[in-house]
Amino acid sequence: MPGQHLAGLNPPQQEAVETLSGPLLVLAGAGTGKTRVVTCRMAEIVSRGVSPSAICAVTFTNKAAKEMKERVRKTVRLGKKKLQTMVVSTFHSLGLRILRDHGHHLGLRKGANIADESDQLSIMTDVMRESGLARTVIRPNDARWKVSLWKNQGLRPDDALESAELGVESTLAVAYGRYEAELRRQGLLDFDDLILRPLDLFKEAPQVLRGLQDQWHYLLVDEYQDTNGCQYELIKAIGGARRNICCVGDDDQSIYAWRGADPERVLRFTRDFPGAVVVTLEQNYRSTGLILEGANRLITTNTQRREKKLWSALGRGEPIELYIAEDEKDEVDFVTTRAMLLGQKEAMCWEDCAILFRANSQCRPLEQALRARQIPYKVVGTRSFFDRREVRDLLSFVRLAKNPADDAALLRIVNVPPRGIGKSSIDKVLGWAAEDRASAWSTMKRRADDLPARARDGVRSLEEIVTTIEELARVEGVTPAISWLTEATQYRDHLRQTVDDALELQTRLTIVDELEDTARTLEATSGKASLESFLDTLALREQDFGDKEDQSDGITLLTMHAAKGLEFPYVFIVGMEEGILPHRNSIGSEEDDAPDDRAIEEERRLAYVGVTRARQRLFLSYARERTRFGRTVKRTMSRFLEELGLDTLHVTDSTDDTPADPEVGREMLRKIRSRFSGGGPSNVDSETVTDTKGAPDSGAAAPTKKAAWWESMDD
DNA sequence: GAATTGAGAATTTTT
DNA sequence: TTCTCAATTC
């Protein structure tokens, strides 16, 4: 029964849903119902009798993948089991899956571990030293990014060396080669390998690729504008000759060029896939007319883009507001005061409101101001649970149990908690290992007797721990293995001894608990898990932690990058200044650097993403002067404000007698300011989600509701 | 091994 | 200004 999923869709949306074969590009502007189209299209395919196992959908984030699965499940009438054969995963999960299933054709070790950022960094630091690259010339972290960029573009060490300029770049290309060799030696894969190595595999074992091509007749790629060269090759290979490939994206929202994404890839689609159908979605269901008008004006300044013009049937709405602040303090005051007003006058829920900024450093002053006024807030996308030392420490034991060649894991926990294996012992072992071309762990075990007595005992006890983890996991599962590990290492005691701050200790102990919970949750949903699947799930962040973000409500603080795909009724964007947005590194600031149009265009797209997050009200602000690094500097307003249509904005500043809300006099504002100017408690470190509950007497009591903003990430 | 100190940098970072 | 990182020192 074809066409059963077309109800309620506009004509272009219907066309996208009905075009089932051949290459299809869905140019989905912000807020045009992309997710809806994608899920309906998949439902349509299935309802025409295609097995779900013939469909593969690729996204960038776990959240998007989860969302898509969920929506398809709700749309398609089909048994759960049947539906689960449909692959909906991130690029990285897909790559890893392919490598886990077929990696042996590449001589890939069975237990290859995934290197996290700090592993990458320490390996990079080592190989830089060997290559004679001082960290004053290029910082290891920057080197890591550069190498990652090369890998994203599909450049191997040889290619990089060839294309590199003489000097630092070519030395770095040499270091890149050593970095790769070191990863392999330790049986590690970095994130980029998860995309790059499957391409090697397809060359090495074409039958594997053929198998995948036979399996997946329908391919879907989400956020196509963000795909890098490597990811493009991967999907093109799998899409193969069948070319049933549907890419969904918006060139105007391409904001990851600096990570190797090519914003022009969307523009090239019809050349890359001749005969492609292009459907453009322009009706926006999110924002009011005036917001969209501003957004359209802004983005049409860009030259490299597909023509499209968002329109809204939601009415004109309120004008975009601009507040010109005296300084950063005044700007932050404006945001918090305005937010409280909205809470009182328009019954805005805190969770309906977001504050967007360009750089994370802009976050802290906002947090402080919100805390002082006891407005609850949460910060999205800061250092995650997975990057916590406690998690990485404990997982390193597990990694070592799975892959004895993983020197990075060994070095992290060799003496954590202290077991008498000091620096000199470690150096000795590393020396022997290098001579024998063996792994550090095997060498350490084999030659423990050549070490001082205390170190020897330490090695034996570590050996005991590692073997037991492996056995426990194999026989009883991951959960008992992890619980046993924390007990046997007395990791909690170790924390109690080394952390003196009570609050900090509490946080860290909780993290240990949560790691155990994670194992439990994983095994509760999918049965006894192997060490491998446990580690993979964590490394790719495929699992949520305790649904913590769902419980908290409050104003959301996030970067514009993190805001992509989200929407809020009320949006503040702060720091609309030259040097911040567009960022100074994109302006071509250096002496002889010509202004880089492409960089500016990306900043403009970023601003566009920010603006199009707003449903009803949009507040922009900048400061006339700002204290940066201890020095007060004059600021100029962002060129993007002009491009948005300065004359259409409702502009106010601190001296204005008609403050932002025309109905509320300046007196009122002042009153509110002074009422809440008393300092509140401070001293909370931000983690993944910081939730500061407003006290009952805060007077900032906006109503709250349960429906969460992340339920609608429809872009 | 832990604490101290000094230099250098201060975008965004889906996995 | 304020953070990070690594070398130095006790």
Side-chain angles (χ1 to χ4, degrees), chain A residues 58-65 89-96 114-118 120-122 125 129 134-142 144-145 148-149 151-152 189-196 222-223 225-228 230-231 253-261 328 356-365 380-384 386-387 415-426 498 536-542 558-566 575 579-587 589 599 602-603 605-607 609-610 626-632 713:
Chain A
V58 200
T59 64
F60 277 85
T61 63
N62 290 309
K63 201 165 79 174
S89 84
T90 64
F91 270 105
H92 291 86
S93 302
L94 181 69
L96 181 60
I114 295 169
D116 65 32
E117 266 166 52
S118 78
Q120 292 175 38
L121 197 60
S122 66
T125 311
R129 200 176 299 127
R135 53 181 215 92
T136 41
V137 179
I138 181 169
R139 279 151 48 227
N141 204 31
D142 294 343
R144 184 174 67 88
W145 278 112
S148 171
L149 206 54
K151 293 180 85 167
N152 284 169
L189 296 164
D190 69 11
F191 285 125
D192 305 318
D193 284 328
L194 302 185
I195 315 291
L196 196 56
D222 192 24
E223 305 282 14
Q225 76 282 355
D226 291 335
T227 48
N228 61 43
C230 233
Q231 289 160 334
Q253 293 186 70
S254 164
I255 53 175
Y256 284 100
W258 52 275
R259 283 297 284 114
E328 65 267 40
L356 272 51
F357 37 82
R358 171 69 238 260
N360 277 318
S361 58
Q362 295 169 266
C363 187
R364 204 183 330 156
V380 169
T382 37
R383 228 173 84 224
S384 109
F386 309 89
D387 304 320
N415 206 28
V416 177
R419 55 177 71 82
I421 311 176
K423 194 174 182 334
S424 59
S425 298
I426 295 169
T498 51
D536 287 352
T537 306
L538 283 166
L540 297 182
R541 299 162 189 216
E542 280 172 336
L558 72 180
T559 64
M560 277 174 258
H561 283 91
K564 193 174 67 144
L566 306 176
I580 296 182
L581 184 69
H583 195 272
R584 67 185 152 90
N585 295 8
S586 308
I587 303 180
S589 51
E602 174 139 321
E603 294 289 303
R605 290 191 293 267
L606 192 54
V609 166
R626 199 177 279 277
T627 315
R628 292 288 271 177
F629 313 137
R631 190 168 272 121
T632 304
M713 33 174 302

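Below, read A as the first sequence line, B as the second, and so on, with proteins coming before strands; counting in each chain starts at 1.
Put simply, A/Arg358 has no side-chain N or O that comes within less than 4.0 Å of OP1 or OP2 on B/dA10. The phosphate of B/dT14 has neither OP1 nor OP2 within less than 4.0 Å of any side-chain N or O from A/Asn62. For A/Asn360, no side-chain nitrogen or oxygen approaches OP1 or OP2 of B/dT11 to under 4.0 Å. Phosphate proximity of B/dA10 to A/Arg631: absent, as no side-chain N or O sits under 4.0 Å from OP1 or OP2.
Distance A/Leu96 CG to B/dT15 C1': 11 Å, rounded to the nearest Å. Computed from coordinates, the A/Leu581 CG to B/dT11 P distance equals 14 Å when rounded to whole Å. Across the protein-nucleic acid pair, A/Arg259 atom CZ and B/dT14 atom C1' stand 9 Å apart, rounded to whole Å. A straight line from CG of A/Asn152 to P of B/dT14 spans 12 Å, rounded to a whole angstrom. Straight-line distance from the CG atom of A/Asp222 to the P atom of B/dT14: 16 Å, rounded to whole Å. Look at CG on A/Leu540: it is 9 Å from P on B/dT15, rounded to the nearest Å. A straight line from CZ of A/Phe191 to P of B/dT14 spans 9 Å, rounded to a whole angstrom. A straight line from CG of A/Asn141 to C1' of B/dA9 spans 12 Å, rounded to a whole angstrom.
Tested against A/Lys151, the residues A/Asn228, A/Asp190, A/Asp192 include a single side-chain hydrogen bond (donor to acceptor under 3.5 Å, both in side chains) partner, A/Asp190. Checking each of A/Glu602, A/Gln225, A/Glu223, A/Lys564 against A/Tyr256 for a side chain to side chain contact (heavy atoms under 4.5 Å, CB included) leaves exactly one that passes, namely A/Lys564.
Look at A/Phe60 and the base of B/dT15; the rings do not stack under the cut-offs of 5.5 Å between centres and 30° between planes. In this structure, A/His561 does not count as stacked on the base of B/dT12 under the 5.5 Å centre distance and 30° plane angle limits. The aromatic ring of A/Trp258 sits over the base of B/dT12, with ring centres less than 5.5 Å apart and planes tilted by under 30°.
In terms of polar N and O atoms assigned as donor or acceptor, the side chain of A/Arg541 never comes within less than 3.5 Å of the base of B/dT15 in a complementary pairing.
Annotation: the span from A/Asp536 atom CG to A/Ile114 atom CD1 amounts to 4.5 Å, rounded to 0.5 Å. Interatomic distance, CG of A/Leu581 versus CG of A/Leu606, reported as 6.0 Å (0.5 Å rounding). Remark: A/Gln231 CD to A/Leu94 CG distance equals 10.5 Å, nearest 0.5 Å.
At least one donor-acceptor pair under 3.5 Å links the side chain of A/Glu603 to the backbone N or O of A/His583.
Set against B/dG1, B/dT11, B/dT15, the side chain of A/His583 has B/dT11 as its closest nucleotide. Residue A/Arg364 places its side chain closer to C/dC3 than to any other of B/dT11, B/dT15, C/dC3. Checking C/dA6, B/dT15, B/dA9 against every side-chain atom of A/Thr125, the shortest atom distance belongs to C/dA6. When distances are taken from the side chain of A/Ala359 to each of B/dT15, B/dT12, B/dA10, the shortest belongs to B/dT12.
Mapped onto DNA chain B by nearest heavy atom, A/His92 and A/Phe629 fall at different nucleotides, with A/Phe629 at the one closer to the 5' end. Nearer the 5' end of DNA chain B, as judged by each residue's closest nucleotide, is the contact made by A/Ile421, out of A/Ile421 and A/Glu603.
Within 4.0 Å (heavy atoms only), A/Glu117 reaches at least one base atom of the nucleic acid. Note on A/Asp192: nothing from the nucleic acid sits closer than 4.0 angstrom, heavy atoms only. Residue-level contact check: A/Tyr256 touches the bases, meaning some heavy atom is under 4.0 Å from a base atom.
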- Task: Could you go through the ring-ring contact (aromatic ring centres under 6.0 Å, His included) check for A/His561 and A/Trp258 one step at a time?
- Result: CA-CA 12 Å; A/His561 283 91; A/Trp258 52 275; 5.7 Å; yes

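In this structure, B/dT5 and C/dA6 make a Watson-Crick or G-U wobble pair, each of the two defining distances being under 3.5 angstrom.
Across the P atoms, C/dC5 and B/dT12 are found 15 Å apart, a figure rounded to whole Å.
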